[in-house]
Amino acid sequence: MSSLKDCVAAAKLQLNIEVTDYDPWFRKRAYDAMRKFNNPDVIIKKNMTCKIDSNGRIELPSDFYQCIVVRVHQPHHDSDNDSDDHHHQHNHGGYRYYLDTPFFQNCGFHDRGNVRCGSFQINGSFIQFNGDFKKMYEASMTYLAYQSDKDGEICVPDSYEECIMYFLCYQFSLMKEKPAIILAEYRGNYNATFNKINGDAQVNFFARVRPQIMEAFNSVVGNKNIYITK
Amino acid sequence: MLLEKIVDSIIRNASGGKRSIGSQFDPTYIKNMIHSFRAAKIEADYKKNGSINPVCYQKYYLTYFDAMQQSNNGDNFLLFTLPQVIQLGEEDGIRYIGSIYGSHAFDRIKSRGMLNTLNSNRITAIKNNTRTIYALFDGAARRLEIYNDMELTEGLVEGIFANPGDVPSWNEEKDDYPLNEDAIAELETLVYRDRTLIDKATKPEQDFNIPQITPTAPPKYLPKAE
């Protein structure tokens, strides 16, 4: 695995840029390019503990991909505000759970079990909770995130590095109004590498699900065993 | 070549080595002229070739001063002083800001507008990238702001400064002038020509070597052609 920092360095070498004036711009564009792949192999599960502010919001981390569940800790003994007693009836040992139910339903889970859930919306770079948060509550969130190395840089597979490099070169040349022939060269290389990676991902996916396809196919056909080769 | 030798060479061209304090070939004044033309020469070469001779670079070592830090900045960044730098087209003269050993470059933020733009985005917000150190050069206040590293006590800035004498690591009497040798000859010519051209343009009557021709005034009313 290489990181987005490697991709930025490769693009800067290609473009012969010696200064770090454009590095924040490069990092942002590399992040955008990485999101285009939508490859589940680069996504892992992470936990985060943070405070909910007085507006009922949590700021999302930079490597955020998808929220799974948020657990909000509510103290039992709170004599300052009587309205909190109403919430205690719906607590599970002092915790309130928030599930991203549309995401779970998309994944095929329609039963939430016995967990009583509150509701929330992801609003831009925040998670907005629909509850009464007059006090600072502590929350722990489990979410899907991009892999990162020991320096905190987001990781990508090695095969992505060249593609992201060409994407950065194309975008930088576009910003600097380079000649059309250079733009076309970078764009062509980017499209070629991008399609190759996506094609490889499709082949790998097909290889992974081939036994299931064969089993279903043979159950429909009957006693003839047909092997899918490609 | 030492700066003193460049000054001496220019003055010898004009007055045969006779130094007159207070004139247009005053040594201190010529030094300032040399600094200005050095900046213009480097910028012209950069626009032409896209590169800078490494001899032109200077190293400025950052030093932490506790009294310089502001108490009301929210403890978000550290402040360091930095001399004025020259401008190279779209980029400025700073080529490196980073660790003192020169191996780790900080990310540059070009302006406060760019700082605001970065903070407006979740991915690029400075507080969300705590492992990345950012540097912002405030040219008006001539100070450097370092973000995301509150324990930094020293650092290195490599670049092309407007006045080489502002950099403590450069000794005017011992170190060579930070300009490549092939450009120094052109620099001397430029300064000399600039001084003499201004002299002729502003005071033409004092130049007795050029014969002055006073044109005769035309008649107010031309005779009509019959």
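Here is how names work: the chains are called A, B, and so on, in the same order as the sequence lines, proteins then strands, and each is numbered from 1.
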Notebook entry, point to check: Which one, B/N129, B/T130, B/T124, B/I123, leads in non-hydrogen pairs under 4.5 Å with chain A?
Noted result: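 Highest number of pairs under 4.5 Å: B/I123.
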Note to self: For A/P24, which atoms come within 4.5 Å of any heavy atom of chain B: side chain, backbone, both, or neither?
What the structure shows: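 Both backbone and side chain of A/P24 come within 4.5 Å of chain B.
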Notebook entry, point to check: chain B heavy atoms under 4.5 Å from A/K5: which part of the residue, side chain, backbone, both or neither?
Noted result: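 For A/K5, no heavy atom lies under 4.5 Å from chain B.
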Taking everything shown except [X] itself, do over 12 heavy atoms lie less than 6.0 Å from its [atom1]?
X      : atom1 : answer
A/K178 : NZ    : no
B/M114 : CE    : no
A/E185 : CD    : no
A/K176 : NZ    : yes

Checklist line | Test: A/E153 and B/R131 ion pair at under 4.0 Å | finding: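 Salt bridge: no.
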Do [X] and [Y] come close enough that some side-chain heavy atom pair is under 4.5 Å?
X      : Y     : answer
B/N128 : A/E59 : yes
B/K110 : A/Y22 : yes
B/E91  : A/D21 : yes

Note to self: Please determine whether side-chain contact (heavy atoms from CB on, under 4.5 Å) holds for the pair A/V19 and B/R108, giving the CA-CA distance in whole Å, both sets of side-chain angles, and the decisive distance to 0.1 Å.
What the structure shows: CA-CA 8 Å; A/V19 294; B/R108 282 289 307 279; over 6 Å; no
Next item on the list: Pick one of side chain, backbone, both or neither for B/T132, based on which atoms fall under 4.5 Å of a heavy atom in chain A.
Entry: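 The answer is the side chain of B/T132.
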Check: Which answer fits B/I94, side chain, backbone, both or neither, if we ask what part of it has an atom under 4.5 Å from a heavy atom of chain A?
Finding: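 Only the backbone of B/I94 comes within 4.5 Å of chain A.
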Next item on the list: To the nearest 0.5 Å, tell me how far B/F106 CZ sits from A/D23 CG.
Entry: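 With rounding to 0.5 Å, CZ (B/F106) is 12.5 Å from CG (A/D23).
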